[in-house]
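Computed from a predicted model, the values in this text were never measured in an experiment. Quick note on labels: first sequence line is chain A, next is B, and so on, each numbered from 1.
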2 protein chains.
Amino acid sequence: MAGTRSMGRRERLRAETTAEIKDVALELMASGGPDAITLRAIAREMGMTANAIYGYFATRDDLVTTLINDLYTALADAVDAAWNAAPAKDPAARIQAWAAAFRNWALDNPEGFRLIYGDPVPGYQAPEGGAAPDAAHRVCTGITALAAAAWPHAGRLYEGGDFEWSDFDDGLLAKVRPAFPDLPPAAVALALRIWGHLHGLISLEVYGHLRAQTTSPDKLFRQELTALIRSLGMAPGN
Amino acid sequence: MAGTRSMGRRERLRAETTAEIKDVALELMASGGPDAITLRAIAREMGMTANAIYGYFATRDDLVTTLINDLYTALADAVDAAWNAAPAKDPAARIQAWAAAFRNWALDNPEGFRLIYGDPVPGYQAPEGGAAPDAAHRVCTGITALAAAAWPHAGRLYEGGDFEWSDFDDGLLAKVRPAFPDLPPAAVALALRIWGHLHGLISLEVYGHLRAQTTSPDKLFRQELTALIRSLGMAPGN
DNA sequence: GCGAAAACTATACGCCGTGAAGTTTGAATA
DNA sequence: TATTCAAACTTCACGGCGTATAGTTTTCGC
């Protein structure tokens, strides 16, 4: 927690308790799935009463929303880091690193993935401008960077499709267009499609649907990456 | 329900009650999401006691499992029908019809889609050889048919990848190999990847994640289909 | 008509989220 | 230092949930 030092004792304790609630909630989720996130269970674990948590989160759904925000931000951080760690001179390697980081995060945090991309809260609506939409836009921007890196090779394959800027969300464009001023709308559409491809395989795997079909999801994902790089007009490394 | 006529009065009533329980459960799910499937709510709607349902389903999860089986079978029927309705002479049209049917079913039955592909029951494991794995294999077989139809054009693009028959589930292969005796393992891998592509875009849309990025998911999916057909070495129609 | 089995109800237990009201605690102020 | 007051926390309560156990009613086969 940043700035803990500058707070008064009271605020510091409050911040620590808030953090502990979230930590315990994540532990419970890791061991028992999203449904195990229970105010009473958290309180039990912390030696408190369930109602005490209402001093920190207005409602159980509020707590879950906060967890989603945190997790989505962590996911976005992870893929950004992988992207930045790969050599900028080698777009194919960057793309592979990005996608592999995405899948690895999902496999390492399956319950987190479910919480982010599933819908644990019935009728849950992400608040406008919250951390989760921001993280979602970061992820999409990452894929757009991926598409942008490949656009010199792939553009001629995917241009057209009569996409216009008005087809996309303003918040997303606010992140994407300044970063890649020369990119056409078709490139953003390509990015969203790539997102869909990766998300599909990963979520089938995380939710256990792939397991019923193949014993080698790793191999399948590797093949997917190779095909992705090729479909972007580039040559896959190693 | 088949064979209703030949049953005794008792069995008939029993079958009707069972069907009503499932119907009410589906209605509740449609209006309030999977969490609204509650034994007490169903019983209330039927003018019964919640415990009466235990005469028909051993547990709430059993009921949900049955619903998943029914829904997955309905989905498999829908895509099979679309496939068969398109002219066999035009593989591209068949593929497009299949994929469009998949998406339409999902958009028409979003809660059903969640029930099938999400994980409403924590730690839920599909029983071996049940209706749901069977429907899953049917869906995968459908996509394999799709890959098989395109294999004459697409094979050279996707062969290799060192896939072997042992990489795939026996139940799936039992359906796939007799139907397409000449197909190599790489074609099944391609089919699973295509499944992933479609599933990804559709599930992002059903779960509301696409809405935060684009206002034209239809256009995006149309583009996806065009790219799919092209990536299979064929020419997209209209 | 009768006995058995099936269908259903009644009651109860332990979970859950959450609201209202009361109590403790600790920091700021007079 | 004594007082005050808000924050932190507890207690009690309500209704909803799945489900186990036991009891009651209905209905079919003989």
Side-chain angles (χ1 to χ4, degrees), chain A residues 1 4-22 24-25 27-29 31-68 115 119-124, chain B residues 1 4-22 24-25 27-29 31-68 115 119-124:
Chain A
M1 258 316 105
T4 303
R5 192 60 160 281
S6 66
M7 299 188 229
R9 177 179 146 76
R10 197 121 188 191
E11 294 168 85
R12 192 172 60 248
L13 284 178
R14 184 176 177 77
E16 280 168 11
T17 305
T18 305
E20 190 184 352
I21 292 172
K22 296 201 283 186
V24 172
E27 279 168 30
L28 288 170
M29 180 183 73
S31 62
D35 289 23
I37 305 177
T38 281
L39 296 187
R40 292 180 127 104
I42 295 168
R44 223 177 290 131
E45 205 77 21
M46 293 177 66
M48 289 168 60
T49 299
N51 272 322
I53 298 178
Y54 282 91
Y56 300 87
F57 297 94
T59 194
R60 194 200 91 114
D61 286 4
D62 258 44
L63 169 58
V64 171
T65 300
T66 303
L67 293 178
I68 291 176
L115 215 51
D119 197 11
V121 186
Y124 175 81
Chain B
M1 231 20 50
T4 303
R5 192 59 157 279
S6 66
M7 299 186 229
R9 177 181 147 75
R10 198 126 188 184
E11 296 168 84
R12 193 171 59 248
L13 284 178
R14 183 173 179 78
E16 281 167 11
T17 305
T18 306
E20 189 184 353
I21 291 172
K22 296 201 283 185
V24 171
E27 279 168 31
L28 288 170
M29 180 183 74
S31 62
D35 288 22
I37 304 176
T38 280
L39 295 187
R40 292 180 129 103
I42 295 169
R44 225 176 289 130
E45 204 78 21
M46 293 176 66
M48 289 170 60
T49 301
N51 272 322
I53 298 178
Y54 283 91
Y56 299 88
F57 298 94
T59 194
R60 193 201 91 115
D61 286 5
D62 259 43
L63 168 57
V64 171
T65 300
T66 303
L67 293 179
I68 291 175
L115 215 50
D119 197 10
V121 186
Y124 174 81

Completion exercise
Taken to the nearest whole Å, CD1/A:I42 to P/D:dC9 is 14 Å
Handout entry: Spacing of CG belonging to B:L67 relative to CG belonging to B:D61, to within rounding of 0.5 Å
Key = 11.0 Å
Exercise for the section: Measure from CE on A:M48 to P on C:dT18 and round the result to the nearest Å. Expected result: 15 Å
Exercise for the section: Please work out if A:Y56 contacts a base, only the sugar-phosphate, or nothing of the nucleic acid, heavy-atom cut-off 4.0 Å. Expected result: sugar-phosphate
Problem - Per B:A41 side chain, nearest of listed nucleotides D:dC17, C:dG17, D:dC9 - result: D:dC17
Fill in the blank from the handout: B:D35 atom CG is separated from C:dC15 atom C1', nearest whole Å, by 16 Å
Exercise for the section: Grab the CG-P distance between B:L13 and C:dA7 for me, whole Å please. Expected result: 9 Å
Practice task
Tell me what A:T49 touches on the nucleic acid: a base, only sugar-phosphate, or nothing, going by heavy atoms under 4.0 Å.
Solution key: base
Handout entry: Value in whole Å for how far the P atom of C:dA7 lies from CD of B:E16
Key = 13 Å
Problem - Distance below 4.0 Å between B:T59 side-chain N/O and D:dT19 OP1 or OP2 - result: yes
Problem - Distance (rounded to the nearest 0.5 Å) between A:R40 CZ and A:R60 CZ - result: 13.0 Å
Exercise for the section: For A:G55 and for A:N51, locate the closest nucleotide of DNA chain D by heavy-atom distance; then report the residue assigned to the nucleotide nearer the 5' terminus. Expected result: A:G55
Exercise for the section: Would you classify A:T17 as touching base, sugar-phosphate or nothing, given that sugar-phosphate means primed atoms plus P, OP1 and OP2, and contacts are heavy atoms under 4.0 Å? Expected result: nothing
Handout entry: Protein-nucleotide distance (A:R60, atom CZ; C:dC16, atom C1'), rounded to Å
Key = 10 Å
Problem - Nearest-angstrom distance from the residue atom CD1 of A:I21 to P of C:dG17 - result: 13 Å
Practice task
Begin from the C-alpha positions of B:T18 and B:F57 and carry the test side chain to side chain contact (heavy atoms under 4.5 Å, CB included) through to its verdict.
Solution key: CA-CA 9 Å; B:T18 306; B:F57 298 94; 3.8 Å; yes
Handout entry: side-chain contact (heavy atoms from CB on, under 4.5 Å) partner of B:I53, the single match among B:I42, B:D62, B:T59
Key = B:I42
Handout entry: Toward the 5' end of DNA chain D, by each residue's nearest nucleotide, A:I53 or A:R40
Key = A:I53
Completion exercise
Taken to the nearest whole Å, CG/A:L39 to C1'/C:dC15 is 13 Å
Handout entry: Nearest-0.5 Å distance, CG of residue A:L39 to OG1 of residue A:T49
Key = 12.0 Å
Practice task
Establish, with yes or no, whether the OP1 or OP2 oxygen of C:dA6 is under 4.0 angstrom from a side-chain nitrogen or oxygen of B:R14.
Solution key: no
Exercise for the section: For C:dC16, take OP1 and OP2 only and decide whether either is under 4.0 Å from a side-chain N or O of A:R44. Expected result: yes
